[in-house]
Engineer: 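If you scroll down you'll find the structure; I have some questions about it.
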Amino acid sequence: MKSIQLQNIKKSYDDTEVIRGIDVTIEAGEFFALVGPSGCGKSTMLRMIAGLESITSGTLRIDGVAANDLKPSERQLSMVFQNYALYPHMTVEKNITFGLHTKGLTKLEQRERCLAAAETLGLTDYLKRKPRELSGGQRQRVALARAIVTESPICLMDEPLSNLDAKLRAKMRSEIRQLQRKLKLTMIYVTHDQVEAMTMADRMMLLNDGEVQQVGQPLDLYNKPANTFVASFIGSPPMNLTPVQRTDNGWTASDGRLFHPNTLTREDTATLGIRPEQITPAKEDVTFYAELKNIEVLGTETILAFDMGGVEWLAKWPGQWPLSIGEKIACHVDPKQISLFDTNGNRIEPRQPKLFEALEVFQ
Amino acid sequence: MTLRKVVTYTLLVLSAVVMLFPIAYAFSISLMDGSEVLKGNLIPRDVTFDNYIAAFERIPLMTYLWNSLVVALLVMVGQVVLSSLAAFAFVFIDFKGKGLIFMLFLATMMVPWEATMVPNFLTIQSLGWLNSVWGLSVPFFALAFGTFLLRQQFKTIPYEMYEASQIAGISRFRFFWNVVLPVSKTPLVTLSVYSFLTTWNMYLWPLLVTNTEQARTVQIGIKQMQSNEVASDWGVVMAAVILIIIPTLMLLFAGQKQLQEGLTQGAIK
């Protein structure tokens with residue numbers, strides 16, 4: 001197991017800076033997800049760790065040793081590419097073993113390792129086939145087998161599941177996770193799909209425009225988004241946000257609806273955020289009333305859309321609600337679940353955070 | 001629809017007849033004796049193979065054929081090796097001025113080959129390569145067209161395959177040999193056939209750099225046969241012509257499919 005340390009890593013192409021200083025340590029044996037919208041620099045980041053892209057400034061350490069100038073093959077890592085990068089003219093077996101000779105393995109050892117990897121990934125029956133005779137999911141497995149057969153302690157994956165259909169993706173998600181645990185790999189996993197990151201990662205880093213937005217455990221990013229970008233990227237549907245003004249008895253949206261978030265700040269204007277699932281049907285203490293603009297009944301839950309100070313908000317109510325468009329609903333929001341962001345979009349920490357955290361544990 | 005087909009096929013058949021007539025007529029002449037040729041017969045009345053025997057007797061045709069074969073194969077191998085290595089560098093290796101050098105490569109395609117003949121001749125002469133297979137083949141090893149053709153093919157290979165091999169620690173040459181060449185079979189065959197045929201049919205250069213019977217190639221031999229005698233024995237000349245077409249025809253039939261695929265690659269998708 002190897003740890004990876006990034007110290008103020010930057011990358012520029014000519015005059016454009018695409019990675020603006022990243023500091024993070026990826027622990028040995030950790031599943032670390034790099035998430036962000038397309039073009040945020042997450043793939044560039046991964047390719048710099050792999051050594052396929054040069055590092056403009058900063059230091060990359062693998063297990064404490066500076067690795068900036070090491071060749072890709074000297075970094076003790078394996079990589080799975082988005083398009084799998086299988087060799088089309090070679091059989092699955094040859095694809096898996098090609099390159100093992102550089103590790104000084106005999107033909108027999110290569111074959112043994114190949115069989116073991118194929119066994120792990122259920123490819124034993126396909127070893128004699130060419131990649132074009134395999135389905136998308138099987139090709140994906142070959143790419144995985146090729147990564148694990150090297151027994152490198154670090155594994156990098158660049159959107160490995162994006163070419164698979166939804167059902168297979170869910171299956172491979174858990175398989176990759178199990179594989180990583182079993183082989184105790186240090187995994188860096190790039191994805192634009194926040195669901196993948198949330199479900200698989202021990203920790204994740206959200207990037208936007210070459211800058212780190214937040215690093216932490218998936219639930220930290222979900223519960224305490226560091227800024228409005230994180231809030232709107234993580235979660236599906238994302239967090240509802242609306243600008244609010246401070247008034248004498250709380251915070252009001254531009255349409256006059258009043259909120260009492262449990263946060264102290266000197267700011268006069270802020271952005272208020274509530275997760276769709278934290279807006280619940282009100283029994284007695286109504287936070288606000290809303291007129292429905294749209295309803296989506298999904299079986300297990302109902303998504304309700306309404307207007308909040310000029311912004312469309314969504315609420316996610318469990319169960320099936322027989323409501324119709326134009327109907328008025330009464331909603332309740334727990335004040336301690338409201339997030340506030342200052343004018344720069346950064347999170348304002350709630351009052352008495354420790355007490356609330358303690359309460360969350362009991363809930 | 002049917003009328004159109006009739007017209008199309010009529011035109012095609014007519015063109016085929018026009019195109020094939022010289023070869024067919026040459027073949028027919030090669031089977032006639034001298035008097036029949038002079039009568040202007042299209043089809044021989046008495047088929048005779050004497051001309052073929054005469055062709056081998058009158059000039060050292062076997063030597064010429066052998067020379068041509070050696071030179072054509074040498075040029076073919078030389079062009080394929082150099083073009084594929086150059087194309088690999090242009091696609092997979094980063095170096096300063098790559099675009100500029102490639103432009104220069106292409107620019108040489110615009111210089112007519114005849115314009116470089118004199119300097120080439122002087123070089124070959126000072127190397128002492130006159131009347132040798134080296135003088136006939138080495139000047140053609142570097143081929144901009146071949147580099148261009150293979151570069152276009154190599155560019156279709158996903159770059160991630162190269163990166164994957166870098167991470168696995170596979171050497172560049174091994175990647176070239178075990179991955180790039182096998183997946184580029186079609187254009188490699190195309191280039192080989194093209195090289196072989198152009199060299200086989202070459203006339204001017206062999207005429208310049210050879211002056212002994214031991215070194216000459218078939219195309220020179222034919223010309224020699226035609227002009228050596230006061231009255232050409234056309235039957236014998238045509239017999240020799242038919243003989244030297246055979247290898248090129250064989251190659252064409254063998255590589256036809258690959259050739260078409262290779263030359264239109266990228267043009268249609």
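Letters A, B, ... mirror the listed sequences (proteins, then strands); counts begin at 1. What you see below is based on every heavy atom in this structure, not just the backbone, and it leaves out hydrogens, waters and symmetry mates.
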Engineer: Is S78(A) close to chain B through its backbone or its side chain, or both, or neither, when contacts mean heavy atoms under 4.5 Å?
Structural biologist: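 Interface part for S78(A): backbone (N, CA, C, O).
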
Engineer: Could you check V183(B), L181(B), N178(B) and say which one makes a side chain to side chain contact (heavy atoms under 4.5 Å, CB included) with H89(A)?
Structural biologist: V183(B)

Engineer: I'd like to check M90(A) versus V179(B) (side-chain heavy atoms, cut-off strictly below 4.5 Å). Are they in contact?
Structural biologist: yes

Engineer: Answer with side chain, backbone, both or neither: which region of S165(B) has an atom nearer than 4.5 Å to a non-hydrogen atom of chain A?
Structural biologist: both

Engineer: Between K103(A), K71(A), R47(A), K94(A), which shows the greatest number of heavy-atom pairs under 4.5 Å with chain B?
Structural biologist: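 Winner by heavy-atom pair count: R47(A).
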
Engineer: Closest heavy-atom contact between L52(A) and I167(B)?
Structural biologist: CD1-CD1, 4.1 Å

Engineer: Let me know if S73(A) has heavy atoms under 4.5 Å from chain B in its side chain, its backbone, both or neither.
Structural biologist: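 Answer is both: backbone and side chain atoms of S73(A) are under 4.5 Å from chain B.
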
Engineer: Can you tell me how far OH of Y159(B) sits from CG of N83(A), rounded to the nearest 0.5 angstrom?
Structural biologist: 13.5 Å

Engineer: Enter the distance from M161(B):CE to Y84(A):OH here, rounded to the nearest 0.5 Å.
Structural biologist: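 Going from CE on M161(B) over to OH on Y84(A), the span is 15.5 Å.
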
Engineer: More than 12 heavy atoms of other residues, nucleotides or ligands under 6.0 Å from OH of Y9(B): yes or no?
Structural biologist: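 No, because the 6.0 Å sphere around OH of Y9(B) holds 12 heavy atoms or fewer from other groups.
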
Engineer: Under 4.5 Å heavy-atom distance to chain B, tell me which part of L86(A) shows up: side chain, backbone, both or neither.
Structural biologist: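 The answer is the backbone of L86(A).
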
Engineer: For K98(B), does the NZ atom have more than 12 heavy-atom neighbours from other residues, nucleotides or ligands under 6.0 Å away?
Structural biologist: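 Correct, the count exceeds 12.
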
Engineer: Hey, what do you get for CD (E160(B)) to CE (M79(A)), rounding to the nearest 0.5 Å?
Structural biologist: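 Reported value, rounded in 0.5 Å steps: 8.5 Å.
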
Engineer: Do any N or O atoms from the side chain of T150(A) and from the backbone of A168(B) form a donor-acceptor pair under 3.5 angstrom?
Structural biologist: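 It does not hold such a pair.
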
Engineer: Can you tell me which portion of R146(A) sits under 4.5 Å from chain B's heavy atoms? Options are side chain, backbone, both or neither.
Structural biologist: side chain

Engineer: Would you say the side chain of I157(B) lies within less than 4.5 Å of the side chain of Y87(A), judging by non-hydrogen atoms?
Structural biologist: no

Engineer: How about CH2 on W134(B), more than 12 heavy atoms from neighbouring residues, nucleotides or ligands closer than 6.0 Å, or not?
Structural biologist: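 Atom CH2 in W134(B) is not crowded, with 12 or fewer foreign heavy atoms closer than 6.0 Å.
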
Engineer: Around atom CZ of F27(B), are there more than 12 heavy atoms from other residues, nucleotides or ligands closer than 6.0 Å?
Structural biologist: no

Engineer: Using a cut-off of 6.0 Å, state whether more than 12 heavy atoms not belonging to W113(B) lie near its atom CH2.
Structural biologist: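 Check passes, neighbour count above 12.
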
